[in-house]
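Treat the numbers as computed from the prediction; the structure is a model and nothing was measured. Atoms within a ligand are numbered from 1 in the order they appear, just like the ligands themselves.
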Amino acid sequence: MTFSFDLTGKTAIVTGANTGLGQAIAVALAQAGASIVAVGRSSMDETERLCRDAGAKFHSVQADLSSLEPIEHIVAEATAVSGRIDILVNNAGIIRRADAIAFTEKDWDDVMNVNLKSTFFLSQAVARTMLADERGGKIINIASLLSFQGGIRIPSYTASKSGLAGLTRLLACEWAAKGINVNAIAPGYFVTNNTEALRNDPNRSSEILGRIPAGRWGDPTDLGGAAVFLASPAANYIHGIVLPVDGGWLAR
Ligand SMILES: NC(=O)c1ccc[n+]([C@@H]2O[C@H](COP(=O)([O-])OP(=O)(O)OC[C@H]3O[C@@H](n4cnc5c(N)ncnc54)[C@H](OP(=O)(O)O)[C@@H]3O)[C@@H](O)[C@H]2O)c1
């Protein structure tokens, strides 16, 4: 039996890599040997330093994924600097919190555009390059516990992440036989900007912590191993899964 978690010689696009889970994923892939193309709208300087410290090549592409406009450019630039895109991690995502009864169309559209629409069309654009040379690749979507559960006060987020789980399965079914593995990771409750409002609410914060069997919130570095695994040859026969990394939350 042979298997490998080594990503030497591979290039990975990671969206939203300037902070939080995206940064931790980029660093983990870099530590496993991948070259990183970091995509996002904010400065990637810190991520660049961390990836280069791990010995990786690094390139950043400024792009706002609230529309489809930058997608062609992202793929062209990533291909130009690396020769080939082997791995895509769709991590960029936003959340808006309000009661469903008062939720606005803008908060619906903004979240769906970044979390679902751009994710689909970036995956499509990258997959076209992976299919063109018939060498396949890995696509990893960052889903959520809200891919499995309802949540409260986040209607568009839950819809987007539930949709992303379905999209992961659909793309896996279409592309598995063509050598592209499409899978998702469902992070539990991690300490990032995304969960700041929850952590600042003493009631919600202690309710959440009380339900996590591991007894602590996730640290972004807790996600790296799952990303490396799904990006690596060790996952070559894994298609369409949504892998929880949640301290046991869903087991409760
Ligand atoms: N933290 C958790 O507990 C948790 C749990 C489940 C799932 N997730 C998911 O994990 C992913 C990363 O979130 P996070 O927790 O690391 O939160 P975060 O710190 O808020 O990071 C979100 C990332 O997405 C980027 N982004 C947002 N809108 C964008 C846009 N229009 N164009 C380009 N990039 C954009 C952000 O860039 P800026 O910094 O420039 O805004 C940032 O890099 C998201 O998909 C989130 O839904 C998080």
Exercise. Give yes if a backbone or side-chain nitrogen or oxygen of Leu65 is under 3.5 Å from a nitrogen or oxygen of ligand 1, and no if not.
Key: yes
Please name the pair of heavy atoms, one in [X] and one in [Y], separated by the smallest distance, quoted to 0.1 Å.
| X | Y | answer |
| --- | --- | --- |
| Asn236 | Asn181 | O-ND2, 3.0 Å |
| Leu122 | Asn90 | CD2-OD1, 3.8 Å |
| Pro187 | Ile142 | CG-CG2, 3.7 Å |
| Asp246 | Ile212 | O-CG2, 4.1 Å |

Sub-4.0 Å atoms of ligand 1 with respect to non-hydrogen atoms of [X]:
| X | result |
| --- | --- |
| Ile142 | 9 (C), 10 (O), 11 (C) |
| Ser42 | 38 (P), 39 (O), 40 (O) |
| Gly20 | 16 (O) |
| Thr195 | 1 (N), 2 (C), 3 (O) |
| Ala63 | 32 (N), 33 (C) |
| Ile94 | 27 (C), 28 (N) |
| Thr19 | 19 (O), 21 (O), 39 (O), 42 (C), 43 (O) |
| Val114 | 31 (N) |

How close does the nearest protein non-hydrogen atom get to [atom], and which residue and atom is it?
| atom | value |
| --- | --- |
| atom 14 (P) of ligand 1 | Thr192 OG1, 3.4 Å |
| atom 41 (O) of ligand 1 | Arg41 NH2, 2.7 Å |
| atom 26 (N) of ligand 1 | Ala92 CB, 3.9 Å |
| atom 42 (C) of ligand 1 | Asn18 OD1, 3.6 Å |
| atom 13 (O) of ligand 1 | Asn194 CB, 4.3 Å |
| atom 6 (C) of ligand 1 | Pro187 O, 3.4 Å |

Quiz item: Once you round to the nearest 0.5 Å, how far does CD1 of Ile95 lie from CG of Asp110?
Solution: 13.5 Å
Just to be sure I'm reading this right: ignoring hydrogens, which of [options] gets closest to [atom]? Compare them by their nearest heavy atoms.
| atom | options | value |
| --- | --- | --- |
| atom 44 (C) of ligand 1 | Asp64, Leu21, Ile208, Asn91 | Asn91 |
| atom 22 (C) of ligand 1 | Pro244, Gly16, Gly93 | Gly93 |
| atom 9 (C) of ligand 1 | Phe190, Tyr157, Tyr189 | Tyr157 |
| atom 5 (C) of ligand 1 | Ala17, Ser144, Gly188, Ser147 | Gly188 |

Exercise. May I ask you to decide whether Arg199 forms a salt bridge with Glu196, counting only side-chain N to carboxylate O separations under 4.0 Å?
Key: no
Practice problem: Answer side chain, backbone, both or neither: which part of Ala143 comes under 4.0 Å from ligand 1, heavy atoms only. | Solution: backbone
Exercise. Give the contacting part of Lys161 toward ligand 1: side chain, backbone, both or neither, where contact means a heavy-atom distance below 4.0 Å.
Key: side chain
Quiz item: Would you call Gly218 a ligand 1 contact, heavy-atom distance under 4.0 Å?
Solution: no
Practice problem: Measure up the Trp108 and Phe103 rings against each other and bin them: parallel (under 30°), tilted (30 to 60°), perpendicular (over 60°). | Solution: perpendicular
Quiz item: Hey, does Leu164 have a side-chain heavy atom less than 4.5 Å from the side chain of Asn115?
Solution: no
Quiz item: When you look at Asp222 and Arg216, which way does the salt bridge (Lys or Arg N to Asp or Glu O under 4.0 Å) test go after all the steps?
Solution: CA-CA 12 Å; Asp222 289 319; Arg216 64 176 177 83; 2.9 Å; yes
